[in-house]
Amino acid sequence: NAGGDAFIAASVASDSSDFGAYTVTATGGRTNIAIAKLAAADGTFSWAKGVGSVNLNDFAYAIAVDGNGDVLVTGQTGGACDFGGGVISTVGFFVAKFLGANGNYVWAKVPGTGEGRGIAFDATNGYAIVTGRYGGTMDFWNSHTISPVGSFVAAYNSTTGACVWA
């Protein structure tokens, strides 16, 4: 971010993983997602949090920081997952936003079967640009679905989480 802080997104498979003073626990002994912030001044962890589905594997593949210093993460869920705003039942590719200051949930989208493999922030338009692949139907918004297999590029409004184009 602009202050020099660093953010990480990882897939953790142990029952618990320590990030300095913070512990992230994987549910059901499976792989879950960990997101953390390291302070620019000394590299200590400012916060860390875990998200994931119960007894299924979830993976974080890429992370970016938007113009407000907030965190954008993409990857794949193995089952119904609670990113912090309630359980999302759709399985597969996800893109989610968390506040850079404290890791609190802002929004998450899970359009369908697939995986997000890359993410970048487009400062000109305020979009999170996500790339990935899919192996089934993905519903980016009510009238725009793609299937059966292939790659995708999608833009999400970083403020609202609305899919702008895919």
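Values below: all heavy atoms of this structure, side chains included; hydrogens, waters and symmetry mates excluded.
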Participant: Donor-acceptor check, side chain of N68 to backbone of D70, threshold 3.5 angstrom: yes or no?
Facilitator: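 Answer holds: no.
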Participant: Look at the side chain of S46 and the backbone N and O of L38, then say whether any donor-acceptor pair between them is shorter than 3.5 Å.
Facilitator: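 Checking the backbone N and O of L38 against the side chain of S46, no donor-acceptor pair under 3.5 Å is found.
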Participant: Please check: side-chain N/O of D18 versus main-chain N/O of G20, any donor-acceptor pairing under 3.5 Å?
Facilitator: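 No.
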Participant: Using modelled atom types only, decide if a donor and an acceptor are shared between the side chain of D122 and the backbone of G126 within a distance under 3.5 Å.
Facilitator: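 Such a contact is absent between D122 side chain and G126 backbone.
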Participant: Do V71 and I63 touch side chain to side chain, with heavy atoms closer than 4.5 Å?
Facilitator: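 They are in side-chain contact.
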Participant: Nearest 0.5 Å, please: how far is OG1 in T159 from OH in Y127?
Facilitator: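 Y127 OH to T159 OG1: 10.5 Å, rounded to 0.5 Å.
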Participant: Are V164 and V153 grouped together when hydrophobic residues (ILVMFWY) are joined by side-chain heavy atoms under 4.5 angstrom apart?
Facilitator: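 Result: yes, single cluster for both.
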Participant: Under 4.5 Å between side-chain heavy atoms, counting indirect links through other Ile/Leu/Val/Met/Phe/Trp/Tyr residues: same cluster for Y61 and V51 or not?
Facilitator: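 They do not share one cluster, since no chain of ILVMFWY contacts under 4.5 Å joins Y61 to V51.
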Participant: Measure centre to centre between the rings of Y22 and F45, then say whether the value is under 6.0 Å.
Facilitator: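 Ring centres of F45 and Y22 not closer than 6.0 Å.
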Participant: Does the side chain of L72 come within less than 4.5 Å of Y156's, by heavy atoms?
Facilitator: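 They are not in contact (no side-chain heavy atoms under 4.5 Å apart), so the answer is no.
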Participant: Is it the case that the side chain of K97 and the backbone of S158 share a donor-acceptor pair, with hydrogens and angles ignored and the cut-off at 3.5 Å?
Facilitator: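 Side chain of K97 to backbone of S158: a pair is present.
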Participant: Any chain of hydrophobic side-chain contacts (each under 4.5 Å) joining F94 to V91?
Facilitator: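 In one cluster: no.
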Participant: Describe, in one word, how the ring planes of Y105 and F98 are oriented to each other, choosing from parallel (under 30°), tilted (30 to 60°) and perpendicular (over 60°).
Facilitator: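 Judged by the thresholds at 30° and 60°, the geometry between Y105 and F98 is perpendicular.
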Participant: Using the rule that two of Ile, Leu, Val, Met, Phe, Trp, Tyr join whenever any of their side-chain heavy atoms come within less than 4.5 Å, decide whether F59 and I8 are in one cluster.
Facilitator: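 Cluster IDs for F59 and I8 differ.
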Participant: Between the main-chain N or O of L99 and the side-chain N or O of N104, is there a donor-acceptor pair closer than 3.5 Å?
Facilitator: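 Judged by distance alone, no pair lies under 3.5 Å.
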Participant: How far does NZ of K109 sit from OG1 of T90, to the nearest 0.5 angstrom?
Facilitator: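 The OG1 atom of T90 is 11.0 Å from NZ of K109, to the nearest 0.5 Å.
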Participant: Do the side chain of N57 and the main chain of G78 share a donor and acceptor less than 3.5 angstrom apart?
Facilitator: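 Judged by distance alone, no pair lies under 3.5 Å.
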Participant: Can you tell me if D139 uses its side chain to pair, donor with acceptor, with the backbone of P111 under 3.5 Å?
Facilitator: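 No; zero donor-acceptor contacts below 3.5 Å.
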Participant: Are V24 and L56 co-members of a hydrophobic cluster defined by side-chain heavy atoms under 4.5 Å apart?
Facilitator: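 No, separate clusters.
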